[in-house]
Amino acid sequence: MSLLRLRWMWRDARRRWLQIVGISFTLAIGIGLFAGLSSVTEWRLLAIDKSFDVTKMYDLRATVTGGSDVPAGSLARIASDIDGIAEFNERLVFDSQVDATLDGEELLVHGRIVGMDLSASGSLVNDVYLLEGDELPSSRTATPQVLIDKNFAAFWGLPTNGHITVGGDVEVNYVGHAVSPEYFLIVEGNGSLGKSNLAVLFAPLEVAQDISGRRGAVNDLVLTLEPGADIEEVRQQLVDAAASLDGALLSVITRDETPSYTGLIGAPETQQGIYDVMSLLLFVGAAFATLNFAARMVEAQRREIGASMAIGEHLRSIAIRPLLMGLQIGILGMILGVVVGYAISLQTVSVVQNIERLPIFEQPFQWAIYAQALAIGFAVPILAVFWPVFRAVRVRPVDAIRSGHLASRGGSLSPVISRIPLPGRSLERMPFRNLMRAPRRTFLTLLTFTMSLAIMFSMLGLASTFTTTFDEGSKELLGDEPDRFTVQFDSLYPVEGPQVQDVVTNPKVRLAETSLVLGASVGAATPDEGAEPTRLDLAVRFVDFGSAVWTPTATQGTLRAGEPGIVLADKAARDFGVEVGDEVMVTHPALVDGAFTYSTRTMPVTAIHPHPLRLNAYIDLTQAATWGFGGLANTVTGAPAEGSSLNDVKRALFGSGKGVALVQGLDDSFRSVEDSLAQSQGVFLITRIFVIFLVMLIAFNTANINVDERRRDHATMFAYGIPVRRVIANLSMEGLLMGVVAVVLGGLFGYALLLWMALFLMPTAVPDVGMIVSVRWWEMAASFIAALAAIALAPMFPGRKLKKMFIPGQLRMME
Amino acid sequence: MIDLEGVTKHYEVGPVLVTALAGIDLHVDAGEFVVVLGASGSGKTTTLNIIGALDTPSSGKVTVGGRDLLASSRGELFALRRETVSFIFQSFNLFPGLTATENVEFGMDVSGRKGAGSPAELLDSVGLGHRLGHFPHELSGGEQQRVAIARALATGNPVLLADEPTGELDFKTGAQILELLAEQANQDRAVLVVTHNREISRMADRVVEMSSGQIISDGPPEGGKTPLSELRW
Ligand SMILES: Nc1ncnc2c1ncn2[C@@H]1O[C@H](COP(=O)(O)OP(=O)(O)O)[C@@H](O)[C@H]1O
Ligand SMILES: [Mg+2]
């Protein structure tokens with residue numbers, strides 16, 4: 001390449017640097033979003049693998065049911081007798097209210113104390129991983145020392161050392177923040193507990209026994225299997241072995257039935273599905289934008305190319321200037337793409353880590369992903385310049401150098417559309433005419449705007465869908481009493497007994513109602529032929545259907561007080577494939593002669609309730625007797641008495657220390673599920689910001705190129721005394737015309753995208769929540785107006801060029 | 001109508017100072033048809049641009065339509081171009097997105113005057129009554145220049161400035177265009193036509209000849225005014 005050519009290229013680049021940077025940035029956003037978000041998914045999958053590995057999560061967990069316990073060593077004995085078990089750990093796990101009040105900020109939450117062998121010599125199934133602070137001392141201390149779960153500590157900003165009260169009167173010191181595989185992601189109690197309202201404390205077994213006052217007791221066993229062992233067989237043997245336990249029952253769950261595990265394992269890939277779609281769309285949008293701009297820049301050089309041809313230059317040396325421009329865009333786009341990608345990664349990681357506390361989170365640079373994104377990002381501008389160069393060198397040189405009036409213009413569509421009569425003055429018609437004059441170019445720009453706005457629409461829509469879903473859920477649970485709370489007992493108690501009555505008659509409590517919450521496995525009684533029948537573990541609540549305080553809302557069917565029948569969540573009914581009047585098969589615990597057994601019965605579906613959590617099911621309180629639980633309760637709902645706060649109630653009930661395990665707002669409990677979705681929200685926000693930025697960039701580039709291309713038109717207008725601001729207004733109008741069409745198309749396309757994401761993609765990520773698709777139109781309108789404003793204001797920037805224009809210079813110019 | 005007194009114009013091209021106009025005095029009245037003649041680079045375009053307020057002189061005094069251009073604000077200069085002078089360019093400079101009719105309408109919209117007749121009438125008067133809905137690229141060069149003239153006439157402005165209006169046209173078409181422009185002077189307009197073609201200048205009442213940024217002669221053409229039909233170039 002000759003020096004002249006290099007100098008020429010340099011001059012090109014200097015003249016068009018703003019456009020080159022603008023286009024490169026557009027490309028970079030596509031590259032960055034794809035590479036950045038995909039990297040995070042890789043990191044998460046890697047972190048999940050390593051974290052579960054290093055903490056040796058259990059394959060099976062056996063728990064003594066009904067809140068009772070067994071002597072230490074008895075579970076270990078069972079485990080040693082069963083073939084196929086590699087390692088095991090006996091534990092004492094119990095729930096108790098925790099008072100973590102810090103600096104006068106009241107913090108009374110549900111607590112869970114996990115006691116197990118934490119010494120280095122232990123077998124360490126389901127290990128506790130210390131993130132910050134000190135190891136626990138090996139011997140007992142005067143004040144029990146524990147570790148506190150990082151999720152909870154981080155949410156409330158607790159220091160690494162602190163003091164809390166367990167169960168109303170036991171003083172405990174925590175000396176560090178730790179995580180454990182069951183609590184990497186906190187979704188407990190059918191989703192009613194999250195990082196904000198579940199304080200998990202890890203303690204050596206004896207310390208946990210001390211705190212609970214259950215000396216020498218255990219109630220939980222975690223174990224890993226030997227390679228090749230049959231998990232179902234071991235599970236059955238564990239259940240059967242419970243016979244040696246003096247009336248206690250063992251309920252056994254696998255790792256795959258543990259919410260933390262399933263929530264973590266499935267999430268990255270499903271979310272990646274959404275990311276893929278978003279970044280693909282952005283990529284396509286950015287690609288079209290690049291193609292458009294590169295093509296226009298080359299077209300602007302058409303005459304120079306024609307002149308070169310006339311001089312007899314080789315086609316390849318003619319093509320080299322535009323190609324170099326494509327190269328510049330490609331290279332700059334790649335560099336910026338890596339920067340944008342990395343920034344997005346870091347942002348997303350911080351959001352993700354707020355939800356998932358994985359002890360090991362490495363962030364190796366994802367060469368393969370970046371290579372893929374960069375290859376596409378590099379190819380796009382190069383390919384984009386080929387087409388216009390090809391077109392330019394194909395015309396006869398005479399046509400290329402011939403002056404304006406003989407040069408062919410416009411596409412095949414333009415003669416038809418552009419002749420449509422328009423209202424307004426000649427100047428006002430120009431924007432529309434200009435768009436119609438170059439239909440292909442307009443189409444490409446429109447496509448990019450539309451893609452961007454569609455993504456914005458779907459992101460906003462998903463965010464509002466989440467919010468609405470949870471707002472509706474809260475409304476359904478709270479009824480007319482926003483302060484309603486739930487008191488959960490640590491076991492079943494007679495309704496007339498002191499434990500329940502203390503709560504019901506407490507002066508700080510009004511509107512008290514007793515109820516019973518039991519887990520039951522539910523599925524359609526006659527599942528559809530051929531289809532895999534869905535069975536789910538639901539939280540069945542026995543509530544008084546005749547209550548004046550609260551009953552579930554029946555969106556279909558009716559609540560029948562005093563009659564058998566189950567009220568299912570809309571999502572559950574859909575998943576089971578049942579309607580009101582159909583029957584479901586319910587396998588539930590039953591109390592027969594004072595002993596727990598399981599029993600199966602069919603029940604009619606009498607109504608459907610609108611709560612989005614499919615786990616919530618309701619049966620009339622009178623029917624509790626048919627399951628053997630007549631006159632028993634494990635839950636009381638109520639509202640704080642006049643002049644009392646929820647914290648007052650918590651202190652009052654909790655201080656009594658008679659079987660109260662948890663007091664919390666009905667609303668809080670449900671809200672914690674929202675946490676598990678917050679991460680997606682964060683990513684949506686990031687994407688939205690980039691999309692708006694992309695729209696601004698495209699608008700800016702379009703205006704900038706328009707100003708360059710129409711120098712002569714503008715000079716002519718100035719020669720006729722049209723003020724600069726009118727010309728800028730016309731450019732704005734041209735952008736707005738496209739913007740408005742893009743808003744309509746982007747809205748439609750975005751809505752389709754939203755439906756697809758909310759109704760097809762999300763259910764695989766969060767199957768327990770029935771999304772209520774909703775669009776907050778004012779918010780949507782505001783965002784779209786902001787986008788339109790960006791489009792309208794874009795010509796202001798190149799507008800300065802217009803003000804400084806030397807008019808005679810441009811008038812003389814041909815083409 | 002037009003008054004130039006001691007107008008100079010210098011351009012700085014790097015370290016070199018180019019003198020485009022070396023001191024010009026020119027007076028043109030309404031109803032006059034003046035041809036500015038000169039070789040390429042003699043300063044014709046610069047003179048026209050200064051009269052049309054597209055460019056500012058380095059020194060001297062310029063009065064157009066009673067307005068002192070050097071004492072006028074930017075806004076007033078824009079207003080002058082809307083209401084007093086109208087340009088016709090060598091390369092036509094029609095708006096490619098507007099039809100012939102609409103380009104003429106543009107001229108009308110700009111000045112806000114309605115007196116010149118409808119766009120269709122104006123196009124008819126320049127012989128383009130059958131090309132109303134055509135876009136510029138669908139018209140020949142001569143036709144485009146007629147549209148440009150109709151657009152300038154549509155403003156109803158009293159000063160018409162045409163820079164090499166026949167430069168891209170063949171003889172016959174060019175002659176018709178010049179005739180059209182000459183007729184405008186009869187409507188009490190001041191019409192200035194720039195050309196480097198001596199033959200063309202013979203059709204004018206008055207020829208201002210320029211060379212090296214100076215006016216070297218001003219008066220009737222050599223050999224007197226000649227009818228268009230006798231001109232050949
Ligand atoms: N923008 C400019 N910058 C520098 N020199 C200029 C510029 N415009 C015109 N000139 C110079 O001024 C002189 C007169 O130019 P011009 O009025 O265009 O001549 P004409 O129209 O008679 O051919 C020429 O020497 C030309 O090179
Ligand atoms: Mg000239």
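Quick caveat: nothing in here was measured; it's all calculated off a predicted structure. Chain letters run A, B, ... following the sequence lines, proteins first and then strands; every chain starts at 1.
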Side chain to side chain contact (heavy atoms under 4.5 Å, CB included) evaluation trace for A:Arg437 with B:Phe135: CA-CA 10 Å; A:Arg437 212 153 52 87; B:Phe135 284 96; 5.8 Å; no

Residues from residues 4-21 of chain B approaching chain A under 4.5 Å (heavy atoms):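 Against chain A, the residues of residues 4-21 of chain B that fall inside the cut-off (heavy atoms, under 4.5 Å) are B:Tyr11.
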
Contact listing (chain A partner; residues 52-68 of chain B; heavy atom under 4.5 Å):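 B:Leu54, B:Asp55 fall under the 4.5 Å cut-off.
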
Looking only at heavy atoms, what is the nearest atom pair of [X] and [Y], with distance?
{"X": "B:Leu98", "Y": "A:Met430", "result": "CD1-CE, 3.2 Å"}
{"X": "A:Asp713", "Y": "B:Phe95", "result": "O-CE2, 3.4 Å"}
{"X": "A:Lys803", "Y": "B:Arg74", "result": "O-NH1, 3.8 Å"}
{"X": "A:Pro808", "Y": "B:Asn49", "result": "CB-ND2, 3.1 Å"}
{"X": "A:Tyr720", "Y": "B:Ser86", "result": "CE2-OG, 4.3 Å"}
{"X": "B:Phe89", "Y": "A:Ala719", "result": "CZ-CB, 3.8 Å"}

Contacts with chain B made by residues 723-743 of chain A (heavy-atom distance under 4.5 Å), listed by residue number: A:Pro723, A:Val724

A:Met717 side, atom CE; B:Asn93 side, atom CG - distance, nearest 0.5 Å: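 Rounded to the nearest 0.5 Å, the CE-CG separation comes to 11.0 Å.
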
Interatomic distance, A:Ile722 atom CD1 to B:Arg81 atom CZ [nearest 0.5 angstrom]: 10.0 Å

Residue part contacting chain A, namely of B:Leu94, when any heavy atom lies under 4.5 Å: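 Contact with chain A is through the backbone of B:Leu94 alone.
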
Under 4.5 Å from a heavy atom of chain A, the part of B:Thr155 involved: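 For B:Thr155, the contact with chain A is made by the side chain alone.
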
Partner residues of A:Asn701 under the side chain to side chain donor-acceptor pair (under 3.5 Å) criterion, sequence neighbours left out: none

Beyond-backbone contact of A:Glu428 with B:Asp109, side-chain heavy atoms, under 4.5 angstrom: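 A:Glu428 does not reach B:Asp109 side chain to side chain.
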
